[in-house]
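Take a look at the structure below.
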2 protein chains.
Amino acid sequence: MVRWKPGAQQRLHAAAMDLYAERGFEQTTAADIAQSVGLTERTFFRYFVDKREVLFAGQEAFQQVFVDGVAAAPEDASALDAVASALQAAASFFPDDRRTHSRRRQAIIVANPSLHERELLKMAWLSAAIAEALRRRGIAEPQATLAAETGVTVFGVSYRQWLAEGEERSLAAIEDDVLREVRALSSSTV
Amino acid sequence: MVRWKPGAQQRLHAAAMDLYAERGFEQTTAADIAQSVGLTERTFFRYFVDKREVLFAGQEAFQQVFVDGVAAAPEDASALDAVASALQAAASFFPDDRRTHSRRRQAIIVANPSLHERELLKMAWLSAAIAEALRRRGIAEPQATLAAETGVTVFGVSYRQWLAEGEERSLAAIEDDVLREVRALSSSTV
């Protein structure tokens, strides 16, 4: 019997990230991950439903930050202003000392089509959650969905830029710029 | 040996749609589909790479309609105007006599998470293709990606509305309304 030490989940997470980066996601088994930190496969599955969950844990918290950001916007905020509030809240979820970790995670996901599909699904869920939060503010459809999708687009473009080599601006600063581009884009008329 | 009759692909396609709708996608095998129209599994795989492809065939043509629509916009069109041109072109891909078929397809996809993920991937590819077409018009990043994503959002919202029960407007008419909402959304300032 392997005795559990404190921090087993953190150690499994770190070991999984190392192995996914070195060998590739497909080539790594749950047993490999567990063994590399002296634990059993069974222990791995006590903390993670499957191998993918190492990369997608914390999704509820991630989503909640956006939802809380929408709720925190001033009462008279427009749909897009409420989304801007959510984007600022989300930026606090990605402080600059997390950038290296996020870059590694992104490289693992980009290298694997099934992980890429999973990431798209995560963004679709995020969009649905933001739209619901906007409807709770009394914003009707299709405005709620359009504003939510716009928010997810701004987040996605900003996040990829934040991860780009050599980029040093904070996510919040990048989001501000991208949101400005979105407003400029759509205010130009035919 | 089963002799091939003309229209094997169409018959396989129709049979697959019927079986997916009746039994569910997971519960239907390629052999079931082929047998129901007197063909062999081997013949099925001559026309379709896998069961999913029945639902996603024609994706290149679908994407090309948007890309051609971007290219066809007047030279001085803004990024969003070029996207509006792509949306109008795409609407011609979905005439009203296709609505019943599209509703059936949508019901099959919504019922199956892996098909839903595949549909999201299709939309992500579409966005990338539109962004590329915009860059060929000299539109820089991040505007190209923002406009492309906005276009895919407008298409998605409009398409779901087009499929809604009781909806009788054409896809082109719905897209016009949704695009107007997008412009209104983003022109409101903080």
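Every chain is numbered from 1, with letters handed out A, B, ... down the list of sequences.
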- request: Compare all side-chain heavy atoms of B/I33 with those of B/L12 and state whether any distance is below 4.5 angstrom.
  value: yes
message: I'd like to know which of B/P142, B/A84, B/A77 tops the heavy-atom pair count under 4.5 Å against chain A.
response: B/P142
- prompt: Is there side-chain contact between B/L134 and B/T145, with at least one heavy-atom pair below 4.5 Å?
  reply: no
message: Under a 4.0 Å threshold between the charged nitrogen and the carboxylate oxygen, would B/R183 count as salt-bridged to B/D81?
response: yes
- request: Drop me the distance from A/T153's OG1 to A/M123's CE, to the nearest 0.5 angstrom.
  value: 10.5 Å
- line: In this structure, CZ of B/F155 is separated from CZ of B/F94 (nearest 0.5 Å) by 4.0 Å
query: So do B/L179 and B/L87 actually touch side chain to side chain, heavy atoms under 4.5 Å?
result: yes
- prompt: For chain B, which residues from residues 98-122 of chain A lie under 4.5 Å away (heavy-atom distances)?
  reply: A/H116, A/E117, A/R118, A/L120, A/L121
message: Could you report the tightest heavy-atom contact between B/S127 and B/E149, atom names first, then the distance?
response: OG-OE2, 3.3 Å
- request: Name the region of A/A124, side chain, backbone, both or neither, that has any atom closer than 4.5 Å to a heavy atom of chain B.
  value: side chain
message: Just to be sure I understand the criterion: a residue of residues 156-178 of chain A counts if one of its heavy atoms is under 4.5 Å from a heavy atom of chain B. Which ones qualify?
response: A/V157, A/R160, A/V178
task: Report, as yes or no, whether the 6.0 Å neighbourhood of atom CZ on A/R137 holds more than 12 heavy atoms from other residues, nucleotides or ligands.
output: yes
field: Hydrophobic cluster identity match, A/L126 and A/F93, side-chain contacts under 4.5 Å
entry: yes
- request: Determine whether more than 12 heavy atoms belonging to other residues, nucleotides or ligands lie under 6.0 Å from atom CD of A/E75.
  value: no
